[in-house]
Amino acid sequence: SVAGAATPIVLQAPEVYPSVPTTKVSIMANVPANGVETATYSFSVYGANNDGNVAHMIFQKDETTHNLWQVSFAMPNGEVQANPVEVLFRSDGSVLSPKDLTATFKADNGDVNTVTIDISGMTQFAGDDSIVNLSQDGRASSELEKTYIDGYGILKAQYNNGESVNIAKLAVVGFTSPENLIQQNGTMFDISNDVGESFYVIGPDTMNASVLTSQAVESSPVRLEQEFSNLIIIQRAYTLNTTSFSTNNEMLQTAVDILS
């Protein structure tokens with residue numbers, strides 16, 4: 001598991017990552033100082049059970065007061081519970097008040113979101129009404145894309161909206177004398193009495209990014225220095241056996257010569 005005692009890992013993740021409701025929106029945009037009577041800015045409102053509806057923030061120029069706009073909201077696939085708000089700009093083009101607006105959006109499917117809209121970065125200059133930057137929380141639902149183990153040994157489920165969920169954490173155990181492990185089959189080993197003390201390389205309270213390479217094909221686990229040592233031992237054994245056979249052959253030949 002991600003935290004706690006080590007238990008078997010079950011590769012199970014939700015096929016669909018649920019949508020996350022929108023609660024905050026921040027808009028940086030320009031409200032044209034002249035040439036227009038209205039300016040509209042759009043953003044998405046995600047609900048607990050819907051993948052987003054478009055909402056509009058509408059600036060309507062006040063004809064009686066300089067630099068004053070009436071701001072209201074609309075949502076084609078639902079309704080908005082918010083009274084028009086007066087937004088006043090300074091002579092230098094920055095927002096005087098208010099800095100934040102609040103509106104409650106009710107989608108046709110019944111989802112209700114109360115959203116705070118930060119307009120402190122908006123300006124009133126000559127020019128167009130393009131949005132410079134829009135950021136918000138909330139996301140649409142998404143489908144499972146893949147599962148993988150990251151460099152810290154955490155098993156993750158990744159979804160196609162970029163979200164990821166931690167499912168479990170892989171425990172990796174080391175030994176003070178790993179060369180004494182008993183090979184069973186391929187890369188499977190069993191412990192013996194000679195492996196020494198065990199310890200967590202990656203465990204519930206251990207983070208180690210130098211052990212695992214995430215989403216990579218395993219390279220050969222062969223330890224070259226150990227294999228060269230084994231090769232020398234085998235070569236010496238072969239040499240001794242060859243010498244023994246040569247000696248036996250000479251003795252046999254000598255016996256044949258004596259008998260003949």
Side-chain angles (χ1 to χ4, degrees), residues 14 16-143 145 157-166:
V16 176
Y17 189 89
S19 57
V20 178
T22 300
T23 61
K24 297 178 181 178
V25 175
S26 178
I27 296 179
M28 295 179 62
N30 184 59
V31 181
N34 48 54
V36 299
E37 297 299 320
T38 62
T40 301
Y41 308 91
S42 302
F43 54 89
S44 295
V45 177
Y46 300 99
N49 299 292
N50 72 72
D51 286 337
N53 291 294
V54 176
H56 305 295
M57 181 173 63
I58 305 164
F59 280 68
Q60 178 75 41
K61 181 177 290 186
D62 190 280
E63 298 298 336
T64 61
T65 305
H66 190 57
N67 295 335
L68 184 66
W69 297 77
Q70 302 289 333
V71 179
S72 60
F73 294 91
M75 188 166 70
N77 295 323
E79 60 184 59
V80 182
Q81 299 171 3
N83 295 322
V85 179
E86 292 183 343
V87 175
L88 182 62
F89 288 85
R90 296 185 179 92
S91 58
D92 65 0
S94 61
V95 175
L96 176 61
S97 68
K99 304 288 187 180
D100 298 306
L101 306 175
T102 301
T104 299
F105 299 90
K106 183 177 181 180
D108 287 342
N109 74 331
D111 282 349
V112 178
N113 296 56
T114 297
V115 182
T116 300
I117 302 95
D118 179 4
I119 61 169
S120 61
M122 297 193 71
T123 58
Q124 181 190 246
F125 296 127
D128 60 23
D129 59 353
S130 60
I131 294 178
V132 177
N133 184 61
L134 189 153
S135 61
Q136 65 178 91
D137 60 1
R139 286 182 180 272
S141 63
S142 58
E143 296 182 351
E145 199 170 60
Q158 182 171 309
Y159 295 83
N160 58 12
N161 67 349
E163 289 285 346
S164 62
V165 177
N166 295 342

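- Ala82 approaches Ala103 most closely through the heavy-atom pair CB-CB, 3.8 Å.
- A distance of 8.5 Å separates CG in Asp108 from CD in Glu79, rounded to the nearest 0.5 Å.
- Annotation: ring-ring contact (aromatic ring centres under 6.0 Å, His included) contacts of Tyr41 (sequence neighbours excluded): Phe59.
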Subject >> Asn67 vs Gln124, side-chain contact (heavy atoms from CB on, under 4.5 Å): CA-CA, chis, key distance, verdict >> reply: CA-CA 8 Å; Asn67 295 335; Gln124 181 190 246; 2.7 Å; yes

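- Smallest separation of non-hydrogen atoms from Ala33 and Ala126: CB-N, 3.9 Å.
- A side-chain donor from one of Gln70 and Glu86 sits under 3.5 Å from a side-chain acceptor of the other.
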Original post:
Stepwise, does the side-chain contact (heavy atoms from CB on, under 4.5 Å) test hold for Met57 with Ile117?
Top reply: CA-CA 9 Å; Met57 181 173 63; Ile117 302 95; 4.1 Å; yes

**OP:** Carefully, step by step, assess Val20 and Tyr46 under the rule side-chain contact (heavy atoms from CB on, under 4.5 Å).
**Re:** CA-CA 7 Å; Val20 178; Tyr46 300 99; over 6 Å; no

Original post:
Taking it one step at a time, do Phe73 and Ile58 satisfy side-chain contact (heavy atoms from CB on, under 4.5 Å)?
Top reply: CA-CA 6 Å; Phe73 294 91; Ile58 305 164; over 6 Å; no

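- Between the NZ atom of Lys106 and the CG atom of Asn77 there is a distance of 14.5 Å, given to the nearest 0.5 Å.
- Inspection of the Asp111 and Asn50 side chains reveals an N or O donor paired with an N or O acceptor under 3.5 Å.
- Closest approach of Thr22 to Val115, counting heavy atoms only: O-CG2, 3.6 Å.
- Nearest heavy atoms, Val54 versus Pro76: O-CD, 3.3 Å.
- How far OG1 of Thr114 is from NZ of Lys24: 13.5 Å, rounded to the nearest 0.5 Å.
- Residues His56 and Thr40 have side chains that never bring a donor and an acceptor to within less than 3.5 angstrom of each other.
- With no hydrogens or angles considered, a side-chain donor-acceptor pair links Asp51 and Ser141 at under 3.5 Å.
- Ala55 and Val45 get closest at one heavy-atom pair: CB-CG2, 3.8 Å.
- Scanning both residues, Pro32 and Gly127, for their nearest heavy atoms gives CB-O, 3.3 Å.
- A donor-acceptor contact closer than 3.5 angstrom links the side chains of Thr123 and Asn30.
- Using a 4.5 Å heavy-atom threshold, the side chains of Phe105 and Asn53 count as separate.
- Of the possible polar contacts, none joining the Ser44 side chain to the Gly52 backbone as a donor-acceptor pair under 3.5 Å is found.
- Contact check for Pro98 versus Val87: side-chain heavy atoms found under the 4.5 Å cut-off.
- Within the structure, every pair that satisfies the salt bridge (charged side-chain N to carboxylate O under 4.0 Å, His left out) test and touches residues 121-143, not counting sequence neighbours, is listed here: Arg139-Glu163.
- Counting non-hydrogen atoms of other residues, nucleotides and ligands closer than 6.0 Å to CG of Asp92 gives a total above 12.
- With rounding to the nearest 0.5 Å, the separation of CG in Asn113 from OG1 in Thr23 is 8.5 Å.
- The ring-ring contact (aromatic ring centres under 6.0 Å, His included) search around Tyr17 returns Tyr159, not counting sequence neighbours.
- The distance from the CD1 atom of Ile131 to the OG atom of Ser42 is 6.5 Å, given to the nearest 0.5 Å.
- Taking CZ from Phe43 and CE from Met75, the interatomic distance works out to 9.5 Å, rounded to the nearest 0.5 Å.
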